2 protein chains.
Amino acid sequence: MATTTKTAERARPTYFPQLAAERLDIALCRASAAVARAADAHATEEGLGVGQHLVLQMLDAVGPCSQQTLSEELRIDRSVMVSVCDDLEREGFVRRERNPRDRRSYAVTITDSGRRRLAEAQTSIPAFLGDTFHPLTPEERAQLGMLLGKLLGTGA
Amino acid sequence: MATTTKTAERARPTYFPQLAAERLDIALCRASAAVARAADAHATEEGLGVGQHLVLQMLDAVGPCSQQTLSEELRIDRSVMVSVCDDLEREGFVRRERNPRDRRSYAVTITDSGRRRLAEAQTSIPAFLGDTFHPLTPEERAQLGMLLGKLLGTGA
DNA sequence: GGACAATCATCTGCTGTCAAACGATCTGCA
DNA sequence: TGCAGATCGTTTGACAGCAGATGATTGTCC
């Protein structure tokens, strides 16, 4: 993203310090949404959105899942999960079969093609992520992940 | 928000640990957007959105500003700032006067009514925020703010 | 003075997210 | 068995964020 260079060029805006601490928290959370959005946009450009990547990764790791399970684990809204799976299915990366035990739900399964695509993505992504998170040291990134995880109640 | 109680009630979803670290970062950033959204929704319910609150707070602290300055400092998009100021002006919390030195820009000024509204909001918000951020200690909150700030290039 | 690029506020269109509602299906209970 | 309520996937409508274009204004360079 050009944001990094841009902020360097011009007198970069700063959260003005008089902001009440509580509001600053929220302002920053809101801003971290921008990071996620940028990552999303970039990943989509590369042909595999963050949501799609997460789904493939999870299916690869834990086997067939319902869309419900996927959306709960990955914090992607059910209605959004529909289109994520639509896209993945259209490209042949997953199969949707009705779960015979509960015909309301699907058993979403990763295909061999999906596994190959996943492997590709794993290699192309790190460079971009290094770019996005480069202001932070590896320790700080780990810490950020830990704090956000704690804030969101995902356990220690 | 009911999120805290809800996560306690039901088998709470967790980011499944096999997630590659890089993706987890982004997944968490994305999820923290949900925190910001929840805060926004709550604040709007109380009659003063987060954006509006931030603007009032800044105008109160640093005096009249152009919309451009406000949107840069507060990381609110220019086009969004238009409607934020529209709302504030309609309710009489700010005045928009043309800057005589540069008639392209406005000098947005907080009114006495705006100051009163700001004072009200300052008292009603902390309770909700304490609830939202209670998983973190004050030190951790400060650290989270620092890390996100660094990630976004707002300086140390 | 006049041409040109830059800036401010604004509007429009696109995308992603979410809440609410719906049909199909399952579960529990009488 | 039959019925009420819950759950799964889906669609729809509303809304925020963002990029790009526009009109008014400013500053700059010739």
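Just so it is clear, the structure is predicted and the values come from calculations on it, not from any experiment. Letters A, B, ... are given to chains in the order of the sequence lines, protein chains preceding strands, and every chain is numbered from 1.
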Nearest-Å distance, [atom1] ([X]) to [atom2] ([N])?
X	N	atom1	atom2	answer
A:D77	D:dT11	CG	C1'	13 Å
A:R78	C:dA20	CZ	C1'	9 Å
A:M81	D:dG9	CE	P	10 Å
A:R98	D:dT7	CZ	C1'	13 Å

Next item on the list: Under 4.0 Å between any heavy atoms, over every strand shown, what does B:R96 touch: base, sugar-phosphate, or nothing? Just pick one.
Entry: sugar-phosphate

Next item on the list: Looking at every strand, decide which applies to A:S105 at a 4.0 Å heavy-atom threshold: base, sugar-phosphate, or nothing.
Entry: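 Sugar-phosphate only.
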
Checklist line | With sequence neighbours excluded, residues passing side chain to side chain contact (heavy atoms under 4.5 Å, CB included) with A:R104 | finding: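 Only A:D102 meet the side chain to side chain contact (heavy atoms under 4.5 Å, CB included) criterion with A:R104.
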
Item checked: Residue pair A:L70, A:L59: steps toward the side-chain contact (heavy atoms from CB on, under 4.5 Å) verdict -> CA-CA 9 Å; A:L70 286 168; A:L59 292 178; 4.1 Å; yes

Note to self: By nearest heavy atom, map A:V80 and A:R37 onto DNA chain D; which one lands nearer the 5' end?
What the structure shows: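 Checking each residue's closest nucleotide, the 5'-ward one belongs to A:V80.
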
Note to self: With no hydrogens and no angle check, just 3.5 Å: does a side-chain donor-acceptor pair link B:Q143 and B:E139?
What the structure shows: no

Check: When you match A:R104 and A:S79 each to their closest nucleotide on DNA chain C, which lands nearer the 5' end?
Finding: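 Looking at DNA chain C, the more 5' nearest nucleotide goes with A:S79.
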
Item checked: A:D102 vs B:V82, nearer the 5' end of DNA chain C by closest nucleotide -> B:V82

Margin query: Is the shortest side-chain heavy-atom distance between A:D112 and A:R116 below 4.5 Å?
Written below: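 Side chain of A:D112 against side chain of A:R116, heavy atoms only: contact under 4.5 Å found.
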
Next item on the list: State whether the distance check finds a donor on one side and an acceptor on the other, under 3.5 Å, for side chain B:R103 versus base D:dT25.
Entry: no

